[in-house]
Amino acid sequence: METPGLVVHGEAEPFSTALRSLINNPLYSDVRFVVGQERQEVFAHRCLLACRCNFFQRLLSSEPGPGVPSPVVLSTVPAEAFLVVLEFLYTNSAKLQRHSVLEVLTAAVEYGLEELRELCLEFVVKALDVELVCEALQVAVTFGLGQLQERCVAFIEAHSQETLRTRGFLELSAPALLPLLRSDKLCVDEAELVLAARSWARVGAAVLERPVAEVAAPVVRELRLALLAPAELSALEEQNRREPLIPVEQIVEAWKCHALRRGDAARGTPCRRRRGTLPREHHRFLDLPFK
């Protein structure tokens, strides 16, 4: 009777080191990429990429013709992030860096690399800080990464004032800004939030070459103007005449709360206090307290 075979395992580290030496190595490579806006040339090995990733299997399915094959252009992924992806495909490990992890995460999502995606998400959650969180939130919203979005929103709720002063906040898309403005737990007063929304809209208007009010339209409905004192609301109304940001009817609804001395829930006027809302005399008349 034949003795059953036995699977034996050699040392993993020398094997991984040997494969790592092939990353971006023209030796024996049979596919060439031109990567990122910098158009960096990167060498790889067709069979390894194809067997590790369905995206590359589809991309590289055609046989190269005679002579020198044309490079595969991948202009949306930065070269640094692409090399990390290659490192993971070749060795099943990767060295992640705070400054580039979101670009690696984006590539992992686009290439369907679930394991690398999860490793990036774990790294991002541990590395979240005021400077990184808005960029991470944008990636989460763009790619539907719900758990990361929740973590980012919770971080911003706890560090609201610092986050509103970052460049990342000003560069958020409207869909990424909405969950923040809808939160009751922001540690910031409504007057500061209105100023931050105006700054955000100005940046968007400059980039998109559109009016401030048009850029702001998808998000300003979430501002809770009824929380502002009459003097603050008057000043906002005057500024709004000079630089339109908020629909006039939204300001009128806020004035009605003051006139009626109550929050008008039936009309949908947002009167809920946020965690960081500073107390004002008229707040005792609002019927929707912070929860």
Can you list everything that forms a side-chain contact (heavy atoms from CB on, under 4.5 Å) with Pro218? Sequence neighbours excluded, please. Ala174
Not counting sequence neighbours, list each pair that qualifies as a side chain to side chain donor-acceptor pair (under 3.5 Å) and has a residue in residues 167-180. Gln138-Ser173, Arg167-Glu171
Side chain to side chain donor-acceptor pair (under 3.5 Å) pairs, two or more places apart, involving residues 127-136: Arg98-Asp129
Please enumerate all residues that pass side-chain hydrogen bond (donor to acceptor under 3.5 Å, both in side chains) together with Thr17, with sequence neighbours excluded. none
Partner set under side-chain contact (heavy atoms from CB on, under 4.5 Å) for His99, not counting sequence neighbours: Glu80, Gln97
Salt bridge check, Asp184 against Arg224: does any charged N sit closer than 4.0 Å to a carboxylate O? yes
Closer than 4.0 angstrom, basic N to acidic O: yes or no for Arg198 and Glu243? yes
By side-chain contact (heavy atoms from CB on, under 4.5 Å) - contacts of Ala136 (at least two apart): Leu102, Val124, Leu128, Cys152
Let me know which of Phe88, Phe33, Phe43 forms a ring-ring contact (aromatic ring centres under 6.0 Å, His included) with Phe82. Phe33
Go through the structure and list residues passing side-chain hydrogen bond (donor to acceptor under 3.5 Å, both in side chains) with Gln40, not counting sequence neighbours. none
Tell me every residue that passes side-chain hydrogen bond (donor to acceptor under 3.5 Å, both in side chains) with Ser183, counting only those two or more places apart in sequence or in another chain. Glu157
Sequence neighbours excluded, which residues qualify as side-chain hydrogen bond (donor to acceptor under 3.5 Å, both in side chains) partners of Arg165? none
Those residues that, when tested against Asn54, pass side-chain contact (heavy atoms from CB on, under 4.5 Å) (two or more places apart): Gln57, Arg58
Not counting sequence neighbours, list each pair that qualifies as a salt bridge (Lys or Arg N to Asp or Glu O under 4.0 Å) and has a residue in residues 9-26. Arg20-Glu87
Name each donor-acceptor pair under 3.5 Å that joins a side chain in residues 115-123 to protein atoms two or more places apart or in another chain, with its distance.
unit_1 : atom_1 : unit_2 : atom_2 : d
Arg117 : NH2    : Glu114 : OE1    : 3.2
Glu122 : OE2    : Lys126 : NZ     : 3.4

